[in-house]
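Written below as structure tokens is the structure these notes are about.
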Amino acid sequence: MNMLTHFNNDGRAKMVDISEKNSSNRIAMAKSSIQMSRKVYEAIKNQNIKKGDVLSVAQVAGIMAAKQTSSLIPMCHPIPISGVNIDFEWKNVDEQIELMIKVEVKTVGKTGVEMEALTAASITALTIYDMCKAVDKSMIIGSTYLLEKSGGKNGDYKRS
């Protein structure tokens, strides 16, 4: 059996038919990060960024991104999002400061919310970059990955 589900018999793209699937509680958590200089960190912490409160705006952008994932990723189903939470954690890495971004997305539906969580994490990081690039363009957006997911016929997944 072909593991790639987004192709029809002719090898062309298709949206997977989920009409026969059962609805269930589904949760996905994703992570991303952005490294920055101490100068950018201080500007964020002291709210000296001209575009506004960086973390609040980034949270709203991430939530909006989760809700718009099906408009951005062609084969994603539009699904009702039950909740989105975005948390931040600061870490010192030598001269750089790293902001860890953790996103949790929930729904009750026939398909999972992994792509919504990953999209939210990515857009949150990109929004931080956009808001702070006037201070320092050398920020680095780190790896974005799925931490865990639950619900659905494929069962649960947890990154080891």
Side-chain angles (χ1 to χ4, degrees), residues 6 15 18 23-152 154-160:
H6 288 80
M15 179 183 265
I18 60 170
S23 288
S24 64
N25 290 323
R26 294 160 183 272
I27 300 171
M29 291 194 301
K31 203 166 202 179
S32 191
S33 66
I34 184 166
Q35 290 181 7
M36 63 192 70
S37 65
R38 186 158 297 281
K39 183 177 180 182
V40 174
Y41 166 76
E42 293 294 337
I44 292 171
K45 290 301 271 185
N46 296 323
Q47 295 200 11
N48 289 333
I49 300 293
K50 291 181 182 178
K51 292 184 176 184
D53 181 343
V54 173
L55 299 186
S56 293
V57 173
Q59 280 179 312
V60 171
I63 291 166
M64 291 173 64
K67 294 175 4 177
Q68 294 298 315
T69 299
S70 67
S71 296
L72 301 168
I73 311 292
M75 299 306 161
C76 283
H77 293 83
I79 57 175
I81 301 293
S82 301
V84 179
N85 186 48
I86 300 172
D87 290 317
F88 300 109
E89 180 184 349
W90 292 101
K91 293 188 175 185
N92 287 316
V93 181
D94 299 322
E95 292 298 312
Q96 292 285 305
I97 307 293
E98 187 171 26
L99 180 60
M100 305 305 295
I101 302 161
K102 184 177 176 185
V103 176
E104 179 181 65
V105 179
K106 295 180 179 181
T107 191
V108 176
K110 295 182 175 195
T111 190
V113 285
E114 297 97 299
M115 293 308 300
E116 287 74 9
L118 290 162
T119 301
S122 298
I123 295 300
T124 300
L126 287 166
T127 300
I128 293 166
Y129 186 95
D130 176 59
M131 292 187 73
C132 299
K133 68 183 184 251
V135 175
D136 185 0
K137 291 176 180 48
S138 69
M139 292 171 283
I140 300 169
I141 294 175
S143 299
T144 302
Y145 54 91
L146 184 67
L147 285 172
E148 60 186 86
K149 73 102 177 165
S150 63
N154 292 329
D156 297 348
Y157 165 82
K158 188 165 186 161
R159 182 173 290 276
S160 51

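Residue numbers start at 1 and run along the sequence shown.
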Considering all heavy atoms, the nearest A125-I34 contact: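 Looks like O-CD1, 3.8 Å.
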
Which heavy-atom pair separates D156 from G151 by the least distance, and what is that distance?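 Smallest heavy-atom distance, with atoms named: OD1-N, 3.2 Å.
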
4.5 Å side-chain heavy-atom contact, [X] and [Y]:
X: M139; Y: Q35; answer: no
X: S33; Y: I101; answer: no
X: M36; Y: L99; answer: yes
X: I81; Y: I79; answer: yes

The criterion is side chain to side chain contact (heavy atoms under 4.5 Å, CB included); which residues satisfy it with [X], sequence neighbours excluded?
X: K50; answer: none
X: V57; answer: T127, M131
X: Y145; answer: K31, S143, L147, R159
X: K45; answer: Y41, W90

Within this structure, what is the NZ-CD distance for the pair K91 and E98, rounded to the nearest 0.5 Å?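 The distance works out to 7.0 Å.
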
Can you tell me how far the CG atom of L118 sits from the CD1 atom of I123, to the nearest 0.5 Å?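 One gets 11.5 Å once the value is rounded to the nearest 0.5 Å.
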
Who passes side chain to side chain donor-acceptor pair (under 3.5 Å) against S150, sequence neighbours left out?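 By the side chain to side chain donor-acceptor pair (under 3.5 Å) rule, S150 matches no residue at all.
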
Can you list every pair that meets salt bridge (Lys or Arg N to Asp or Glu O under 4.0 Å) and has a residue in residues 123-136, with sequence neighbours left out?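 Applying salt bridge (Lys or Arg N to Asp or Glu O under 4.0 Å) to every pair that reaches into residues 123-136, excluding sequence neighbours, yields K51-D130, D130-K133.
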
Please report, to 0.1 Å, the donor-acceptor pairs under 3.5 Å made by any side chain of residues 62-76, with sequence neighbours excluded.
from, atom 1, to, atom 2, distance (Å)
Q68, OE1, S71, OG, 3.4
T69, OG1, A65, O, 3.0
T69, OG1, A66, O, 3.1

Check whether Q59 reaches the backbone of I86 with its side chain - one donor and one acceptor, N or O, closer than 3.5 Å.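 Looks like yes, one N/O pair under 3.5 Å.
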
K149 side chain vs G155 backbone, donor-acceptor pair below 3.5 Å: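 Here the side-chain-to-backbone pair exists.
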
Please, which pairs that meet ring pair (Phe, Tyr, Trp, His ring centres under 6.0 Å) have at least one residue in [range], sequence neighbours excluded?
range: residues 62-85; value: none
range: residues 47-68; value: none
range: residues 114-141; value: none
range: residues 94-115; value: none

Only pairs at least two apart or in different chains count here, so list each side chain to side chain donor-acceptor pair (under 3.5 Å) that has a residue in residues 104-122.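 Matches after skipping sequence neighbours: none remain.
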
Would E42 and I44 satisfy side-chain contact (heavy atoms from CB on, under 4.5 Å), going step by step from the backbone distance to the final call? CA-CA 5 Å; E42 293 294 337; I44 292 171; over 6 Å; no

Chi angles and distances behind the side-chain contact (heavy atoms from CB on, under 4.5 Å) call for F88, I128: CA-CA 12 Å; F88 300 109; I128 293 166; 4.1 Å; yes

Candidate pair K102 and E89, rule side-chain contact (heavy atoms from CB on, under 4.5 Å), full reasoning: CA-CA 8 Å; K102 184 177 176 185; E89 180 184 349; over 6 Å; no

Criterion side-chain contact (heavy atoms from CB on, under 4.5 Å) on S32 and I141, from CA distance to verdict: CA-CA 8 Å; S32 191; I141 294 175; 4.2 Å; yes

